Amino acid sequence: MKWSRAFINTLRETPKEAESISHKYMLRACLIKKLGAGVYDLLPLGLKSLNKVTAIIREEMNAAGAQEVLLPILSPSELWQESGRWAKYGKEMMRMTDRHENSWALGPTHEEVITDLVRSQVNSYKQLPLNLYQIQVKFRDEIRPRFGVMRSREFMMKDAYSFDRDEAAAMATYRLMFDTYTKICKRIGFKFRSVDADSGPIGGNCSSEFMVLAETGEDTIIYCENEKCGYAANMEKAVFKKPEPQTAAEEPLTKVHTPNIRTVEELAAFLGKKPEDTAKTILYIVDEKKMAGAVMRGDREINEVKLKNALGASEIRLATPDEILEKTGAPVGFAGPINLKEKGIRLAIDETVASLKNTVTGGNELDYHYTGVNRGRDYQENLVADFAKAVKGDTCAKCGGKLNEQKGIEMGHVFYLGKKYSKSMQAKFLDEDGKSKEFEMGCFGIGVSRTVAASIEQNNDENGIIWPMAIAPYEVNVIPVNVKYEEGMKYAEEIYKKLKDAGIDVIMDDRDISPGVKFKDSDLIGFPLRVVVGEKNFKDGKVEVKLRREKDFALMDKAEVFDRVVGIVKKEKEIK
RNA sequence: CGGGGUGUAGCGCAGUUGGUAGCGCACCUGCCUUGGGAGCAGGGGGUCGCCAGUUCGAAUCUGGCCACCCCGACCA
């Protein structure tokens, strides 16, 4: 491609909408253009990079035996009603009505559609295992799209769905996909980590997220510093080692007047105790019906995802001050486990609280707390569970090492789904034993648009993007410094053509403009390799070859440039 | 949805007693220049987010609406 013909209009200034680094550079380098909130035009440079990502994904998915399909963007409401998600999915699913008054969804995901396809085509265990995937646009009407294509409403996604005859086979597929994702991440050049994840409302009980490590990531990863241990989990799922049960003699239960004291810090200071000696009781509304009390050690935060799972709820929210007053008889800040069950409130105790002796809790009465509170003697819970948020510095439950945290961007997610959809949608096959069975399913997604942004988030400097060779829009940028210098221009044309013929993805900046602009643009867009033909060096038979990520360039004899460049491109694309 | 903010040229912005719109970058033409977003000269480009109102007159004042951004809630 000759730059003078390319659709590239770089911006010197950053449009004010851009917040994150990748968003900024994607706009400035002319990869994307915003059309509306969370909706972007993908421009040639952006699309080229995205296509390289999808090519890698296709190769690896195909190598793993998956087969590509293309499902419609629209799906009929009937399918979603069958699975129950028409009602459950909420506003994130964009719905519309056609001229016949039929309802449709703009597909936010395709479990229903694929299950419908497979149940109509697959009747026998002989057709299994089956793994179908597509690379296609998804639409999710996000409440707040942000960071450009990192969290957009319309985005490219690779989603695969597997069908197996039993759980063992499904787990084998799961592991195969896990390995495939690992390969994909490596080929793209990511610094990444795979972590245990919460399955969420999609169901199933085995799931891993592939996290691209980046300061600006929206997700928090908890990981064990002991590399041999290797424990890593999404914050929502992370567990840690709980303290041993305390053994102190039980003190008498005492009601204490605690005027105007509502927070744990105030309470601990008032009583001369530490926050970890106290227990706070947070009231939740479960599935918009019943109230539940969650008791947490004073110094710890509640992990609402874990709590939701522990309660077996599909949705929880904090109770409002009015609801709390009405149900417990005390204003916010004075709730406690004693006599809470008697008020019809389900009581969940975190494991950290279960091990406490003589703790402090709210008195369920304005300005009163209890001290010397002991579980079993003073109150009885409905369940003990782990719903505490793990934090940096906690002890690893697996090896006893120290937990740390880092930020990441979720680029992919692998799920073991089980029979959630095959059951609700009656998707069955006939097994070897002549019995009709529901498929064991798995689902495996990669946010393709986001992958491009994540790579930029991980590879950049103050001048722009630093593409890894594998997904750079062009691998090499050939710059004749002065297009009017005929010898140099002639050489640039030659090397450009030779590289192109050799299958190198090359662009030549043939614009008749000042060299500064060419260098700035080259750095901004971030081509991994730059070949500069300048008059002074060329007269000595030398040409400059420079890697974007490195500061210094190499002066090469003009005759060896072709071989060297081809060699570098090839080497850079190898999996490290 | 709650809180905050912004809409003026492709991008960044200025525009107060209300008098019919400007700067930098980008773009076009010419000259000049050619190793880090050059220089000079000339030029094109605007329903000032939309609708209504006040006024002789509205980018500017009033009301309504819309879009977009940030924080939060939310996030298969």
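Computed from a prediction, not measured in an experiment: that's the story for all the values here.
The base of U34(B) lies outside donor-acceptor range of the side chain of K518(A), with no N or O pair under 3.5 Å. Contact of N482(A) with G35(B) (side chain to base): no donor-acceptor pair of N or O atoms is detected under 3.5 Å. For R151(A) against C75(B), a side-chain N or O and a base N or O form a donor-acceptor pair under 3.5 Å. One cannot find a donor-acceptor pair under 3.5 Å joining the base of G10(B) and the side-chain atoms of R28(A). N9(A) contributes no side-chain N or O that forms a donor-acceptor pair with the base of G10(B) under 3.5 Å. For G35(B), the base has no donor-acceptor partner in the side chain of E535(A) [N/O atoms by modelled type, under 3.5 angstrom].
If you check every strand for non-hydrogen atoms under 4.0 Å, T10(A) touches a base. Among the protein residues, Y89(A) comes within range of the sugar-phosphate backbone only, with heavy atoms under 4.0 Å from sugar or phosphate atoms but none that close to a base. Using a 4.0 Å heavy-atom distance criterion, P15(A) is classed as a sugar-phosphate-only contact. Residue-level contact check: K34(A) touches the backbone only, with heavy atoms under 4.0 Å from sugar-phosphate atoms and none from bases.
In this structure a side-chain-to-backbone donor-acceptor pair under 3.5 Å is present from D510(A) to S4(A).
With a 3.5 Å ceiling on both atom-pair distances, the Watson-Crick or G-U wobble partner of G30(B) is C40(B). Across all strands shown, C23(B) forms a Watson-Crick or G-U wobble pair with G12(B), both key distances being under 3.5 Å. Within the shown strands, C66(B) is the pairing partner of G7(B) under the Watson-Crick or G-U definition, both distances less than 3.5 Å. For G35(B), there is no paired nucleotide, since no Watson-Crick or G-U wobble pair has both relevant distances below 3.5 Å. Of all nucleotides present, only C71(B) satisfies the Watson-Crick or G-U wobble test against G2(B), with each distance under 3.5 Å. Pairing partner, C61(B): G53(B), with both Watson-Crick or wobble hydrogen-bond distances short of 3.5 Å.
The separation of U60(B) from G19(B), taken at their C1' atoms, amounts to 11 Å, rounded to a whole angstrom. Of the C1' atoms belonging to C68(B) and U8(B), the separation is 15 Å, rounded to the nearest Å. A9(B) sits 11 Å from G44(B) when the C1' atoms are compared, rounded to a whole Å. Between C56(B) and G49(B), the two P atoms lie 25 Å apart (nearest whole Å).
Look at CD on E92(A): it is 8 Å from P on C75(B), rounded to the nearest Å. One interatomic measurement links the two molecules: CZ of R144(A) to P of C1(B), which rounds to 15 Å at whole-angstrom precision. Nucleotide G35(B) holds its C1' atom 8 Å from the CD atom of E544(A), rounded to whole Å. Following rounding to the nearest Å, D510(A) (CG) and U34(B) (C1') show an atom-to-atom distance of 15 Å. C25(B) atom C1' lies 14 Å from atom CD1 of I513(A), rounded to whole Å. The CG atom of D141(A) sits 19 Å away from the P atom of A73(B) (whole-angstrom rounding).
E487(A) meets the salt bridge (charged side-chain N to carboxylate O under 4.0 Å, His left out) test with no other residue; sequence neighbours excluded. When the ring pair (Phe, Tyr, Trp, His ring centres under 6.0 Å) test is applied to F519(A), no partner is found at least two apart in sequence or on another chain.
At a cut-off of 3.5 Å, with distance as the only test, no side-chain donor of Y421(A) or R119(A) sits close to an acceptor on the other residue. With 3.5 Å as the limit, one finds a donor-acceptor pair spanning the side chains of S208(A) and Y174(A).
The side chain of R140(A) places no N or O atom within less than 4.0 Å of a non-bridging phosphate oxygen (OP1 or OP2) of C75(B). Taking only side-chain nitrogens and oxygens, R12(A) never comes nearer than 4.0 Å to OP1 or OP2 of G37(B). Listed pair R317(A) / A73(B) fails the phosphate criterion, with no side-chain N or O lying under 4.0 Å from OP1 or OP2.
Between F210(A) and F178(A), the distance from one ring center to the other falls under 6.0 angstrom.
At a threshold of 4.5 Å between non-hydrogen side-chain atoms, the residues M93(A) and W86(A) count as touching.
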